[in-house]
Undergrad: 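I'd like to ask some things about the structure below.
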Amino acid sequence: MKLHKYIIGLALLVSSSSCNFLDEEAYEFITPDNFYKTEADANAALTAVYNTFADEKSYRRYIWMGADFPGEAANANASAPSRVEMDNLTWTPTTDFCKNIWQISYSAIRRANNLLLNIDNITFKSEEVRKQIVGQTKFLRALAYFDLMRFYDHIVVIRETDNLNDEAPSNQGTDDAAWALIEEDLLYAGSALPIKWEDSNAGRATKGAAMAMLAKVYLTQAGWPWNKSVFWEKAASQATDIINDEGTFGYGLEENFRRVFDVTNEHGKEYIFDIEFQTNINGNDSPAITGMRGYNIKKTDGWSSFISTPEFYKSYEVEDKRISTTFVTEFTDINNGKQYVYDPDNIAEPSFPLCHFAKYLDPNDNQSTSAGDYSCNRKIIRYADVLLMQSEAYCEMNRIGDALTGINRVRARAGLEPIPSSISQTDLRKAIIQERIWEFAAEGHSLFDMKRQHCMAERLGRAVDDKYYSLPLPQDETDKNPNLKQHPLW
């Protein structure tokens, strides 16, 4: 894994009003010797880091699917074999999810390290601009390392000051260094980044994004398998700092759950950080992957590759306002006008046989000219997540009253009754994980939430080997590098 010598190839450049910051000039065949001179070079290199997260191997498909298929909400249907392996908890070191997530995450880290290594060679118009570019780069590096830690547990850690030409780095004894670097990067980002960017730069990482991500990092270290209980308080404090200052940040829950996913409102008050996509530039294919094969619900066909189940659909309380946004509950065929209404207990018309997600099926997202080219962003962290992280952390501290505030705000938006203060810690813990699964269905949280609470067997209703809380290191990598040691559970 050589993390230094590479050519910067800026692809997938976006030029829309929603994320103009990605509209940087593309360069070809650039090396550190003739690059990293001007502020424009720095922005181009930063764009290259952002773009790795929109790659198919990253959040466009593999990280999103890899985190959701192991849970109870998502079903791979008759999809690619590796997706079925993720869905059935039968993945192995040769499953392409293990290889792709590993490789794309280190690609992001490699690009970030090269920019940070060369940052002092660049002339900036102000120190503030320099800090903002460094802050964004460190935020993205932290996100890549955090993804690796959540999936693999024991990883290679390389900073920009390390030997970037090391052909055989080790992942042994690096756990503390990984967590320390993630925290360090996010703390810097939180100090250097603005609360909000101007509209032309909407979509860049912000102070609030760094703080919210750090809360999740703390929450993850507190939970299984790390079990560092001191981090429950750190997570609660970090989330509370955001919540207490939500007015300054401009954060809040959308009154209508559908608005969270509307392409016309992607940077609304619930948004904290997304991976940005734009039709005809770097379009997202989630509407096609989750869309309906054989029915004309959108102007381009769906593939029914990432669906749900009738059982999960029926797990929601009937009055839950999230149902009609989370699932396709009814639609009119745009070609023949036939009307369909989903009945999870009856596949005959006017129902339809498969339970489909609807979060990515936005009627305003109508510019696509192909099935894999939509503008909907990938939600990485939104305000409801901060509220539920606060609840989870306070619950583990047995501060039940404080824990109820966040979860009950989320439930109120969904039209559900508040959880009473008489609830036990054990029951509240279960209620919080259930609320997260309902709230974030099809958003790429399930594996991480179940792992943190070590509740996969309970949630899935069957015995689960602990090794399926993690991905093994990819076979290709361990074959090439004798210093990479496979996960102990594998």
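Note that the structure is a prediction, hence the values are computed from the model and not measured. Below, all heavy atoms of this structure are taken into account, side chains as well, without hydrogens, waters or symmetry copies.
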Undergrad: Please work out whether the ring planes of Tyr251 and Phe249 are parallel, tilted or perpendicular, with thresholds of 30° and 60°.
TA: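 Taking Phe249 first and then Tyr251, their aromatic rings lie parallel (interplane angle under 30°).
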Undergrad: Do Phe151 and Phe97 have ring centroids that are under 6.0 Å from one another?
TA: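 Ring-ring flag for Phe97/Phe151: false, centres at least 6.0 Å apart.
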Undergrad: With sequence neighbours excluded, what pairs up with Asp68 under the salt bridge (charged side-chain N to carboxylate O under 4.0 Å, His left out) test?
TA: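 If we apply the salt bridge (charged side-chain N to carboxylate O under 4.0 Å, His left out) test to Asp68, skipping adjacent residues, there are no hits.
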Undergrad: Is there side-chain contact between Phe124 and Ile133, with heavy atoms separated by less than 4.5 Å?
TA: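 Yes. Closest side-chain heavy atoms under 4.5 Å.
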Undergrad: Output the distance between atom CG (Leu387) and atom CG (Leu253), rounded to the nearest 0.5 Å.
TA: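 These two atoms lie 5.0 Å from each other.
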Undergrad: Is there a donor-acceptor contact under 3.5 Å from the side chain of Ser105 to the main chain of Ile101?
TA: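 A pair under 3.5 Å: yes.
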Undergrad: Could you tell me whether Gln172 atom CD has more than 12 heavy atoms of other residues or ligands within 6.0 Å of it?
TA: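 Buried by this count: over 12 neighbours within 6.0 Å.
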Undergrad: Considering only NZ, NE, NH1 and NH2 on the basic side and carboxylate oxygens on the acidic side, decide whether Arg141 and Glu160 come within less than 4.0 Å.
TA: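 Looking at Arg141 and Glu160, the cut-off is met.
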Undergrad: Just to verify, which of Leu164, Asp162, Thr161 counts as forming a side-chain contact (heavy atoms from CB on, under 4.5 Å) with Leu117?
TA: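 It is Leu164; the other options fail the test.
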Undergrad: Sequence neighbours excluded, which residues qualify as salt bridge (charged side-chain N to carboxylate O under 4.0 Å, His left out) partners of Arg452?
TA: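 For Arg452, the residues satisfying salt bridge (charged side-chain N to carboxylate O under 4.0 Å, His left out) (neighbours in sequence not counted) are Glu392, Asp449.
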Undergrad: Please walk me through it: do Glu439 and Arg382 pass salt bridge (Lys or Arg N to Asp or Glu O under 4.0 Å)?
TA: CA-CA 11 Å; Glu439 178 74 17; Arg382 54 186 175 89; 2.8 Å; yes
Undergrad: Between Trp490 and Lys467 (side chain of the first, backbone of the second, donor and acceptor by atom type, cut-off under 3.5 Å), is there such a pair?
TA: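 Here the side-chain-to-backbone pair exists.
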Undergrad: Parallel, tilted or perpendicular, judged at 30° and 60°: which one describes the rings of Phe357 and Phe306?
TA: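 Rings of Phe357 and Phe306: tilted, 30 to 60°.
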Undergrad: Picking from Phe440, Phe69, Tyr360, Tyr59, what satisfies ring-ring contact (aromatic ring centres under 6.0 Å, His included) with Trp64?
TA: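 Filter result, single survivor: Tyr360.
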Undergrad: A cation-pi test, strictly: NZ or CZ of Arg150 under 6.0 Å from the centre of the six-membered ring of Phe448 and no more than 45 degrees from its axis. Yes or no?
TA: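 The answer is yes, since Arg150 meets both limits relative to Phe448.
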Undergrad: Treating Asn75 as the side-chain partner and Asn77 as the backbone partner, does any N or O pair qualify as donor plus acceptor under 3.5 Å?
TA: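 Yes.
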Undergrad: Gln103: what forms a side chain to side chain contact (heavy atoms under 4.5 Å, CB included) with it, not counting sequence neighbours?
TA: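 Lys57, Lys99, Glu477.
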Undergrad: When you measure from the side chain of Gln390 to the backbone N and O of Ala403, does any donor-acceptor pair fall under 3.5 Å?
TA: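 Checking the backbone N and O of Ala403 against the side chain of Gln390, no donor-acceptor pair under 3.5 Å is found.
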Undergrad: Which heavy-atom pair separates Gly203 from Tyr50 by the least distance, and what is that distance?
TA: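 Looking at all heavy atoms of both residues, the closest pair is O-CE2, 4.3 Å.
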Undergrad: Any carboxylate oxygen within less than 4.0 angstrom of a Lys/Arg side-chain nitrogen, looking at Lys269 and Glu254?
TA: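 No, this pair does not count.
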Undergrad: Take Asp120 and Arg130 through the test salt bridge (Lys or Arg N to Asp or Glu O under 4.0 Å) and record every step on the way to the result.
TA: CA-CA 9 Å; Asp120 289 338; Arg130 179 187 183 279; 2.8 Å; yes
Undergrad: Please report the C-alpha distance between Arg60 and Asp55 in whole Å, then the side-chain angles of each, then the deciding distance to 0.1 Å, and finally whether the salt bridge (Lys or Arg N to Asp or Glu O under 4.0 Å) criterion is met.
TA: CA-CA 6 Å; Arg60 186 170 185 256; Asp55 191 276; over 6 Å; no
Undergrad: Mind jotting down which residue pairs meet the side-chain hydrogen bond (donor to acceptor under 3.5 Å, both in side chains) criterion with at least one end in residues 219-237? Sequence neighbours excluded, please.
TA: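 Found none.
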Undergrad: Under the side chain to side chain contact (heavy atoms under 4.5 Å, CB included) test, which residues partner Asp362, sequence neighbours left out?
TA: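 Scan of Asp362 (side chain to side chain contact (heavy atoms under 4.5 Å, CB included), adjacent residues dropped) gives Arg258, Asp262, Val263, Asn364, Asp365.
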Undergrad: Quick one: closest heavy-atom pair of Asp373 and Gly283, and the distance?
TA: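 So the minimum-distance heavy-atom pair works out to OD1-CA, 3.2 Å.
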Undergrad: Do any N or O atoms from the side chain of Asp274 and from the backbone of Asn377 form a donor-acceptor pair under 3.5 angstrom?
TA: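 Not a single qualifying donor-acceptor pair exists.
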Undergrad: Between CG of Leu116 and CG of Leu46, what distance do you get to the nearest 0.5 Å?
TA: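 So the gap between those two atoms works out to 9.5 Å.
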Undergrad: Is it the case that the ring center of Tyr468 lies less than 6.0 angstrom away from the ring center of Trp91?
TA: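 Yes, they do, as the ring centres are separated by less than 6.0 Å.
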Undergrad: Identify the residue among Lys359, Arg436, Arg378 that makes a salt bridge (Lys or Arg N to Asp or Glu O under 4.0 Å) with Glu443.
TA: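 It is Lys359; the other options fail the test.
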Undergrad: So, Asp87 side chain and Val84 main chain: donor-acceptor pair closer than 3.5 Å or not?
TA: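 Answer holds: no.
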Undergrad: Taking Ser375 for the side chain and Phe277 for the main chain, is one N or O donor matched with an acceptor at less than 3.5 Å?
TA: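 No, the answer is negative, given that no donor and acceptor are paired below the 3.5 Å cut-off.
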Undergrad: Answer yes or no: is there an ion pair linking Asp185 with Arg159, defined by an N-O contact shorter than 4.0 Å?
TA: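 Judged by the 4.0 Å cut-off on N to carboxylate O distance, Asp185 and Arg159 do not form a salt bridge.
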Undergrad: For Ala67, is there any backbone N or O sitting under 3.5 Å from a side-chain donor or acceptor partner on Ser446?
TA: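 Side chain of Ser446 to backbone of Ala67, a donor-acceptor pair under 3.5 Å: no, none is there.
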Undergrad: If we ignore hydrogens and angles and just use 3.5 Å, is the side chain of Asp41 paired with the main-chain N or O of Lys37 as donor and acceptor?
TA: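 Yes, the answer is positive, given that a donor and an acceptor are paired below the 3.5 Å cut-off.
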Undergrad: Please tabulate, for the side chains in residues 188-197, all donor-acceptor contacts under 3.5 angstrom to protein atoms that are two or more places apart in sequence or on a different chain.
TA:
residue: Ser191; atom: OG; partner: Tyr188; partner atom: O; Å: 2.7
residue: Trp197; atom: NE1; partner: Ala205; partner atom: O; Å: 2.8

Undergrad: Return yes if some donor-acceptor pair links the side-chain N/O of Glu39 with the main-chain N/O of Lys125 below 3.5 Å, else return no.
TA: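 At least one qualifying donor-acceptor pair exists.
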Undergrad: Minimum heavy-atom separation for Tyr36 to Ala45, with atom names?
TA: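 For Tyr36 versus Ala45, the nearest heavy atoms are CE2-CB, 3.9 Å.
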